[in-house]
Amino acid sequence: MEKQVLRFKVNGDEYEIFIHPKTLLAEAIRDHLGLTGTKRGCDTVSCGACTVMVNGFSVKSCSVLAIQCQDMEITTVEGLEKNGKLSPVQRAFLDHGSYQCGFCTPGMLISSTTFLNELNGKVPSDMEIREGIEGNICRCTGYNSIVRAIDAVAQGKYKEE
Amino acid sequence: MSHKKFSVINTPVHNIDGIAKVTGRATYAFDVTLPGMLYGKILRSPHPHARIISIDTSKAEQFPGVRGVVTGKDTLGIKQGIWRRYEELCDEQILPLEKVRYIGEPVAAVAAVTEEIAEQALDLIDVEYEVLPAVYEPLEAIKKEAPTIHEGVERNINVTRHIEWGDVDEAFEEADYIREDWFKCSGQHHMCMETRCAVSNFTPEGKLTVYTGTQSAYYHQGLLAGVLGLREGDVRVIAPYTGGGFGGKFELDAAQFCSAVLSMKLHKPVKIVFTREEDFIASKRRTPMFYYVRTGVKKDGTFCARESRMFSNGGAYTGMGATALYLTGFFHSFPYKWKGYRYDGYRVYTNTMPSTSMRGFGAPQGMFCSETQIDWICADLGLDPFEVRRKNGHTPGYEVPGQAFIGSCGLEECIDEIEKWAKAKGELPPNRGIGISACGFMTGGIFNWFDTPYSFSSAVVTINVDGTVELYVGCQDIGQGSNTTMAIIAAETLGVKMEDIKVHSGDTDHCPADLGAWGSRQTLMTGNAVKMACEDAKKQLLEFAYAEMGINIVYDLDIKDRWVHIVARPERGMKYEELVQKALRGKDGQRIMGRGYYTPHRKGMISPAYSYMMQAVDAEIDPETGKIKIHEVMTAHDCGQPINPLGLVGQLEGAASMALGYAYLEDMPFEDGKLMNPNLVDYKVIRSTEMPPSPSIEVDTYEEEGPYGAKEAGEGLTNPTAAALDNAVFHAMGLQIKELPITPERIRKAIAEKKAQEAQK
């Protein structure tokens, strides 16, 4: 198959790259754009380390072809902060110690952000939060500090700066 | 003592690498790209045991895009191991010349311009094998007729370990009741989120730089130099960030070794990243163990004697397994006083992936067998499990005969706390129970199998003209937050603020040698070195302060929150940054520099200090399906003086999740030497929805040997959980399960057996 042109927006910036159609979105983001914040931890769409936002939805970027994202808007962990200001979820993760080795953190932050966005202000139950991040494995923290951080944001304790 | 007022210690702080980690700025070896870099892939053995007759790489070498192929013949053929003080335990050639001993063992490696081409080229390598008979279980491998895995090793017994104190036979004589059980403890995969990964760059001046995830940059520097025939100083290991370790990342691995061999051959940077499947089949695992345990007690619950025999599935090579063999036997006695104790451990080679250290280092297995049997003995004799543990538990100042000196010990307080918590739960519904387990763990090992001539930990601190501080340490931050802990200790000692400290670690060119992150050693050992280095620097500063302030020499001076002052008259003083500038001039412009080091002495054979804890698990069993629902995991914990409270909670919660996984989810079944679940679909780790609340309380102790009274936290809590859950299952339904993990199938089987026994009666 011949290479194709992919035009998409990543973290607000327009990109045009020339890729093989079987290039995964994760590969396009990491290898073509050099945005290495997004990680990869498995080959079976199981771990969630590669989670990014595609048109506002959480997507495991190892599970979609980059070319499927033609004209779409992608947000990676690098796009969560705005002008050097951390997002509410990022600040809550810092305050609650919701990361250790940090390898799952980019994907976990994206899943948490998407989950919170989809709530539209509704305060979730503990189990709803847990279901919101069930697709992301964290081997270090035991998740509870992550759940506390998401809960704090959902409770309105962190505002956009 | 422990109520000293601290400025930084035990206050909530953000980890110093927090911003990097929550913004995606933290770069791991996985993210490293160098100009002209090639990608490597490893060809692995499909056989559990086979002789290599020949390897033909010519077709692969000619494949377009391939730049080079290496096999064992391109190496010095040195057998390596981390127990480098003992030649016979250095038994692994990472690219073997003669034999493969497990499925997944590397036999060749390819470097190409893309990873895809390297992978395709693997298919073009022809390896002719003579398949040999194989053996997979230790109790089979020790039989006379079993195949020999390593030439000259009789009955495949790799290492043995005998631990004994007291007159064991006499102590058994005193017992009113003796119980014997056999246990089987499973393996567990570290499952670090970052798989094994290395980028090696050998340059014409004869120097090698390796970017890799590691628990000890210094170990990897030494191990690589040893197998590659380089001087240690010509090998630079850089660990930018490490995506998890848990005991699995301080031996030499094939990503590091093969990328280095390829880079030395091709004079190009080479990157090798393990797939998740490769990580599962060919990194290492927690050591599976068979335990026979015989325990004698008096009617009132006083422990008399224990003798245990343990056979571990060592897999194909030694690695760190020799240490686990010792530690499992020692901690199997913990945290109790035995009049007589005897342990015989046999580490047995098999044709499976090598077993090694994993968080808890053999103790989770030893404690699972011990703590479950204690609960069953209590039930047999009608004794209270809390009371029996209290009666026999370690106390401050106790000496484990000939083995270890216990300094601080908060075990009794931990038992009290958990008993209070359990009683407050009141009567539980049917099929629900609370199980408890006590335990303790070391704070770093007093072992030098690596034969290092350096101090176990060292630190260097320099102070810049504006008062900011450069701290150089060799301890390794793998996510547990050691850089933050060291920054806290430095800030507290120097009397400055967290934001004044920069920590430099994970680079052997710029940081002092340190044994790294294993055995819960860094807070105490590197922490002591950091404290000493900072005290050294501070003393130099205060000498200038005495001269500058012109005060009576009987006054004590101190620095706190950047204020240099008379201790008795805190309002009298000067600014820290002003003092630094003056001191610099007074030293003819030399930077203030402090040095510190730590090596344990006169503390027995195991560790300079021990943490203690008790954990309780509240679990409910569905009698139809055998499924376990865990309601809560509660911990009372003695880690001495907590240094970083947020990090401490994270460590304890993380330990609980990993240990719960070990207790009831994670398993590594093999068929004919082949791991049956080498992926994250079939290998089950705890996910967010399964993780129960896991609160903890710290009891107040102070450890004289630790920096500011601190000792171990985060590894030891992997030890009690499997036993506590199994005891919960016992108290919920009367089931005695002697095999891990506690799966629904095992529970259903135990229910059926219990019903059959009751019917017989």
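With a threshold of 4.5 angstrom between heavy atoms, B/Y683 approaches chain A through side-chain atoms but not through N, CA, C or O. When heavy atoms are compared at a cutoff of 4.5 Å, A/Q90 approaches chain B by way of both its backbone and its side chain. Contacts of A/L86 with chain B are made by side-chain atoms alone, with heavy-atom separations under 4.5 Å and no backbone atom involved. When heavy atoms are compared at a cutoff of 4.5 Å, A/R91 does not approach chain B at all. Neither the backbone nor the side chain of B/A656 has a heavy atom closer than 4.5 Å to any heavy atom of chain A. Both the backbone and the side chain of B/T275 come within contact range of chain A, with heavy atoms under 4.5 Å apart. Contact annotation for B/Y241: neither backbone nor side-chain heavy atoms come within less than 4.5 Å of a heavy atom of chain A. Of the two parts of B/E116, only the side chain, counted from C-beta on, holds a non-hydrogen atom closer than 4.5 Å to a non-hydrogen atom of chain A. Contacts between A/T141 and chain B at a heavy-atom distance below 4.5 Å involve the backbone alone (N, CA, C, O). For B/V649, the part lying near chain A is the side chain, with the backbone staying farther off; criterion is any non-hydrogen pair under 4.5 Å. Proximity to chain B involves both the backbone and the side chain of A/D95, based on heavy atoms less than 4.5 angstrom apart. Heavy atoms closer than 4.5 Å to chain A are found in the side chain of B/L646, but not in its backbone. Contact annotation for B/I19: both backbone and side-chain heavy atoms come within less than 4.5 Å of a heavy atom of chain A. Neither the backbone nor the side chain of B/E690 comes within contact range of chain A; no heavy atoms are under 4.5 Å apart.
Put simply, of B/S657, B/C192, B/G654, the one with the most heavy-atom pairs under 4.5 Å next to chain A is B/G654. Chain B forms the most heavy-atom pairs under 4.5 Å with one residue out of A/T44, A/V147, A/T76, A/L94, and that residue is A/L94. Ranked by heavy-atom pairs under 4.5 Å with chain A, the list B/V13, B/I686, B/D17, B/T195 is led by B/I686. Chosen from A/I133, A/I137, A/V45, A/T38, the residue pairing most often with chain B at heavy-atom distances under 4.5 Å is A/I137.
For the atom pair NZ (B/K684) and OG (A/S46), the distance works out to 8.5 Å, reported to the nearest 0.5 Å. With rounding to the nearest 0.5 angstrom, the OG1 atom of B/T689 is 13.0 Å from the CD1 atom of A/I129. Note that CE of B/M193 is 8.0 Å distant from CG of A/N136, once rounded to the nearest 0.5 Å.
Under the 4.5 Å side-chain criterion, counting only non-hydrogen atoms from C-beta, A/R130 is not in contact with B/R687. Side-chain contact check for A/S145 versus B/E653: some heavy-atom pair is nearer than 4.5 Å. In this structure, the side chains of B/F30 and A/R40 come closer than 4.5 Å at one or more pairs of heavy atoms. At a threshold of 4.5 Å between non-hydrogen side-chain atoms, the residues B/D31 and A/R30 count as touching.
Residues A/N144 and B/P693 come closest through the heavy atom pair ND2-CA, 3.9 Å. Closest non-hydrogen pair, A/Q100 versus B/K21, comes out as O-NZ, 2.7 Å. Contact between B/F246 and A/C140 at its shortest, heavy atoms only, is CZ-SG, 3.7 Å. Heavy atoms only, all atoms of each residue included: B/L680 and A/G41 are closest at CD1-O, 4.2 Å. When all heavy atoms are compared, the tightest approach of A/Y143 to B/M691 is CD1-CB, 4.2 Å.
Here the side chain of A/R139 pairs no donor or acceptor atom with the backbone of B/G243 at under 3.5 angstrom.
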